[in-house]
Amino acid sequence: MRELRSSSFWRAVLAEFLGSLLYALLGLGASLRWAPGPPSVVGSALAFGLAQATLVQALGHVSGGHVNPAITLAFLMASQLSLLRALGYLLAQVLGALAGAGVLYGVTPAPVRGTLGLSALHPGVGPGQGTVVEVLLTAQFVLCVFASFDDRHDGRPGMAAVPVGFSLALGHLFGVR
């Protein structure tokens with residue numbers, strides 16, 4: 001409970017809120033069809049990956065730059081994060097993503113909004129298959145994050161943003177096609 005009185009705790013929670021807001025705004029905004037034609041899967045994947053990398057670099061020193069509930073839960077399960085901090089991060093991430101989607105909705109013309117970047121399973125892919133792919137891609141992403149933030153890895157934890165962003169973009173390229 002002492003953690004709740006810490007200004008660093010609240011700065012970190014605010015950083016996760018802001019990071020999730022920007023991640024949703026930028027990633028989903030890049031996924032919208034602003035021009036006629038098919039959506040750009042590569043552009044969308046790069047937008048999400050670059051947004052993640054940028055936010056890890058910008059917010060990593062404050063909160064770790066999780067921005068993603070799967071990363072927060074993985075850090076909690078690995079005993080790298082307290083339960084109270086994880087709960088604060090999770091709440092901030094959900095509220096931040098909702099706020100980012102709300103801002104995007106408010107600044108996007110109605111004809112462009114569509115599903116606001118919401119993706120759906122391909123008609124030939126069942127829910128079980130989609131879940132397995134999502135679990136595998138999340139595991140790949142979590143493993144990359146842990147490897148990138150491991151001080152024993154290369155002695156340069158400041159470089160974690162690059163592989164984390166690439167890892168997320170790779171997951172999008174595989175999972176969204």
Side-chain angles (χ1 to χ4, degrees), residues 1-32 34 43-78 80-109 112-119 134 137-138 140-142 144-151 156-172 175-176:
M1 292 310 240
R2 186 175 63 190
E3 197 169 22
L4 286 174
R5 292 182 298 221
S6 164
S7 62
S8 67
F9 172 82
W10 292 108
R11 271 195 307 271
V13 169
L14 181 60
E16 287 298 314
F17 174 84
L18 178 63
S20 297
L21 184 152
L22 291 171
Y23 179 76
L25 176 67
L26 298 171
L28 293 174
S31 299
L32 297 179
W34 290 92
S44 178
L46 285 175
F48 277 105
L50 291 171
Q52 183 75 33
T54 301
L55 294 166
V56 166
Q57 186 67 35
L59 303 173
H61 68 286
V62 179
S63 66
H66 295 190
V67 184
N68 184 322
I71 300 303
T72 298
L73 289 173
F75 271 78
L76 175 66
M77 292 183 348
Q80 301 295 312
L81 204 59
S82 72
L83 177 61
L84 189 60
R85 189 168 288 252
L87 291 174
Y89 281 17
L90 291 169
L91 182 62
Q93 290 161 353
V94 169
L95 294 175
L98 288 171
V103 169
L104 181 62
Y105 184 87
V107 300
T108 305
V112 176
R113 278 188 209 128
T115 60
L116 206 61
L118 177 69
S119 58
E134 183 67 32
L137 293 177
T138 300
Q140 173 270 142
F141 182 55
V142 167
C144 179
V145 168
F146 274 121
S148 299
F149 279 97
D150 188 349
D151 290 337
R156 294 177 294 166
M159 291 299 296
V162 174
V164 167
F166 281 152
S167 175
L168 189 75
L170 174 65
H172 274 259
V176 176

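Residues: numbered from 1 along the sequence shown. These numbers come from the heavy atoms of this one structure, side chains and all, not from hydrogens, waters or symmetry mates.
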Checking [X] now: which residues fulfil side-chain contact (heavy atoms from CB on, under 4.5 Å) with it, not counting sequence neighbours?
X      : answer
Val112 : Leu32, Trp34, Thr108, Pro109
Ala74  : Val142, Phe146
Leu83  : Leu76, Leu87
Ala99  : Phe17, Leu21

Who pairs with [X] by ring pair (Phe, Tyr, Trp, His ring centres under 6.0 Å), at least two apart in sequence or on another chain?
X      : result
Tyr105 : none
Phe166 : none
Phe48  : Tyr23, His172

Item to complete: Identify, with sequence neighbours excluded, every residue that meets side chain to side chain donor-acceptor pair (under 3.5 Å) alongside Thr54.
Response: none
Worksheet item: Which residues satisfy the side chain to side chain donor-acceptor pair (under 3.5 Å) test with Ser44, sequence neighbours excluded?
Response: Ser31
Discussion item. Between Ser167 and Pro163 (side chain of the first, backbone of the second, donor and acceptor by atom type, cut-off under 3.5 Å), is there such a pair?
Written reply: no
Item to complete: Let me see the working for Leu170 and Phe141 under side-chain contact (heavy atoms from CB on, under 4.5 Å), right down to the final yes or no.
Response: CA-CA 9 Å; Leu170 174 65; Phe141 182 55; over 6 Å; no
Discussion item. So, taking the atom named OG in Ser63 and the one named CG in Leu81, what distance separates them when rounded to the nearest 0.5 Å?
Written reply: 9.5 Å
Worksheet entry | Gap separating the CZ atom of Arg113 from the CG atom of Leu104, nearest 0.5 angstrom | 9.0 Å
Fill in: Set of salt bridge (charged side-chain N to carboxylate O under 4.0 Å, His left out) partners for Glu3, sequence neighbours left out
Arg85
Looking at [X] and [Y], what are the two nearest heavy atoms and their distance?
X     : Y      : result
Ser6  : Ser8   : OG-OG, 2.8 Å
Ala70 : Thr138 : CB-CG2, 3.7 Å
Gly64 : Phe149 : O-CZ, 3.8 Å

Fill in: Flag side-chain contact, heavy atom, 4.5 Å: Tyr89 against Ile71
no
Worksheet item: Hey, are the side chains of Leu90 and Leu73 touching, using non-hydrogen atoms and a 4.5 Å cut-off?
Response: yes
Worksheet entry | Sequence neighbours excluded, every pair satisfying side-chain hydrogen bond (donor to acceptor under 3.5 Å, both in side chains) that has a member inside residues 90-100 | Glu16-Gln93, Thr72-Gln93
